[in-house]
Protein chains: 2
Amino acid sequence: MTIKPKAGERKRGSGVQYVYGILRDEILDLTLAPGAPIDEIRLAERLSMSRTPIREALVRLASEGLVTTLPNRSTVVANIDFMNLHTFFDAMTLMYRVTTRAAAQFHTPADMTAIKSRQADFAKAVEAQDALAMIASNREFHAEIARAGRNPYYNSLSLRLLDEGRRLLRMYYRSFDDRLPPEYVAEHEEMISAISARDLDRSDRLAKAHADQIVEQIRGFIARDHRDHVTL
Amino acid sequence: MTIKPKAGERKRGSGVQYVYGILRDEILDLTLAPGAPIDEIRLAERLSMSRTPIREALVRLASEGLVTTLPNRSTVVANIDFMNLHTFFDAMTLMYRVTTRAAAQFHTPADMTAIKSRQADFAKAVEAQDALAMIASNREFHAEIARAGRNPYYNSLSLRLLDEGRRLLRMYYRSFDDRLPPEYVAEHEEMISAISARDLDRSDRLAKAHADQIVEQIRGFIARDHRDHVTL
DNA sequence: TGTATTTTATTTGTCGACAAGTTTTTCTAA
DNA sequence: TTAGAAAAACTTGTCGACAAATAAAATACA
């Protein structure tokens, strides 16, 4: 549940950031369904602020591909393009590989501490069989690795892909409420050890295997799901 | 010279796009120097429109890393980080490779026509020894290849890198006014033939060689330039 | 003269208002 | 009753205004 600050209680200048964060979460959580229109006025009332900061947040979301702006008509939540998921899988696999490799090369001790901490969160979520927490902590784990790789270009693409992945996974965990294969925890541990040992090639190989496994899982979800997502 | 439409002569809804395009060009052309502050009011007067669409354009530029917003203080043109250029070179090389490879795999006849047309523009610019036109047409050539690869994630990162590259090259062509090695034209031709033949590995190899060559050229510029860019 | 402090001026972030479009509803006519 | 036209209702894009925050200038003080 999101707590809504009263009208004047927010710091000046934080309006756009605030709206951006809320909308982003609601889109990735599927609280806002793909294709759903976003009404600026209703949003302004709900968050008790004027339309200006809300529009600025929407411009930012649009430039990241999370919403689509139809000129003079409502902005809508971006659709999931099931026809071209392979482009997503391709890019995600590549980014897993290059960021993990770069992390192996450039990480500092502080990075390793942070990565291990994320992995602990992930293990806890798996232990508790909490699918939503797994999705979130898995994202943070890989985001931390990307950060340790210290390449802002790879970093921003990775974050974008991780976020879209979060939305995709959410879609299926909601319908199936499946058990996650527990080997993910072990795979993460192996990746940590490869990064820590600065073994670039092994990091690369493990990242690719990990990505392939996730892609297979999502593919499995989709195969079991025979409704017509195409027009969604 | 940019032609400025009078106040009411623009189509409603095109304001943000219009400002975004102008600012983006001026930043990449170095008309606006890295670190220069952007005054919203002056800009509003210059383009004869209110601050609202200008601010929305700035939000978009910020999310693409072309400007930096200092809260409650002026937004400034993003600096070029000479300390971490290797991250740029890394990412550019990788994107050249994956987009050229993807183009070889997925291109249509229409794509090939477009790519060859861009190459013709580039050859013309080289012929005329017009460095600025070379930079621009080289960008369009690679952007067209990326488009033919049909992966929106690779596409947007590629465009971002090509644009930053444009700014970087501009910086050095301005000081040195060098002659471009004409082998670039031949390399482009080879890439076209590999893409056309759907030879993925050869496309990949050529793209990497091409990227390496460009990286070496920029490195050469920087090596010859001994002023302290670091704090720029 | 140089430094700290108050005052002034400039610039940003947010707001409410209004006009240009778009969608929905109502009305008209076959 | 239904198709098309006209009108009403709503939504978006842009504007000018104002308050909060910062930067610059002026003043006081050692």
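In this text, all values refer to a predicted model and were calculated from it rather than measured experimentally. Every chain is numbered from 1 and lettered A, B, ... according to where its sequence line falls, protein lines coming before strand lines.
Atom CG of A:L43 and atom P of C:dC15 are 13 Å apart (whole Å). Taking atom CD1 on A:I41 and atom C1' on C:dG16, their separation rounds to 12 Å, with Å as the unit. Atom CD of B:E40 is separated from atom P of D:dC18 by 19 Å (rounded to the nearest Å). B:M49 has its CE atom 15 Å from the C1' atom of D:dG16, to the nearest Å.
Listed by residue number, the members of residues 51-62 of chain A with any heavy atom below 4.0 angstrom from DNA chain C are A:R51, A:T52, A:P53. Shown for residues 64-75 of chain A: residues whose heavy atoms fall under 4.0 angstrom of DNA chain C, namely A:N72, A:R73.
Distances shorter than 4.0 Å separate none of the side-chain N or O atoms of A:S50 from OP1 or OP2 on C:dT14.
Side-chain N/O atoms of B:R147 and B:T99 include no donor and acceptor closer than 3.5 Å. For the 3.5 Å distance criterion, the side chains of A:R55 and B:T52 fail to qualify, holding no donor opposite an acceptor. A:E56 and A:Y20 form no side-chain donor-acceptor contact under 3.5 Å, judged by distance and modelled atom types alone.
In terms of the salt bridge (Lys or Arg N to Asp or Glu O under 4.0 Å) criterion, A:D121 has no residue partners (sequence neighbours excluded).
When distances are taken from the side chain of B:D39 to each of C:dC15, D:dC15, C:dT11, the shortest belongs to C:dT11.
Taking the side chain as every heavy atom from C-beta outward, B:L43 and B:L23 approach each other to under 4.5 Å.
Ring-plane geometry between A:Y153 and B:F88 is classed as perpendicular, the angle between the planes exceeding 60 degrees on a 0 to 90 degree scale with a lower cut at 30.
A salt bridge does not link A:R42 to A:E45: none of the charged side-chain nitrogens sits closer than 4.0 Å to a carboxylate oxygen. Here A:R139 does not pair with A:E164 in a salt bridge; the nearest charged N to carboxylate O distance is not below 4.0 Å.
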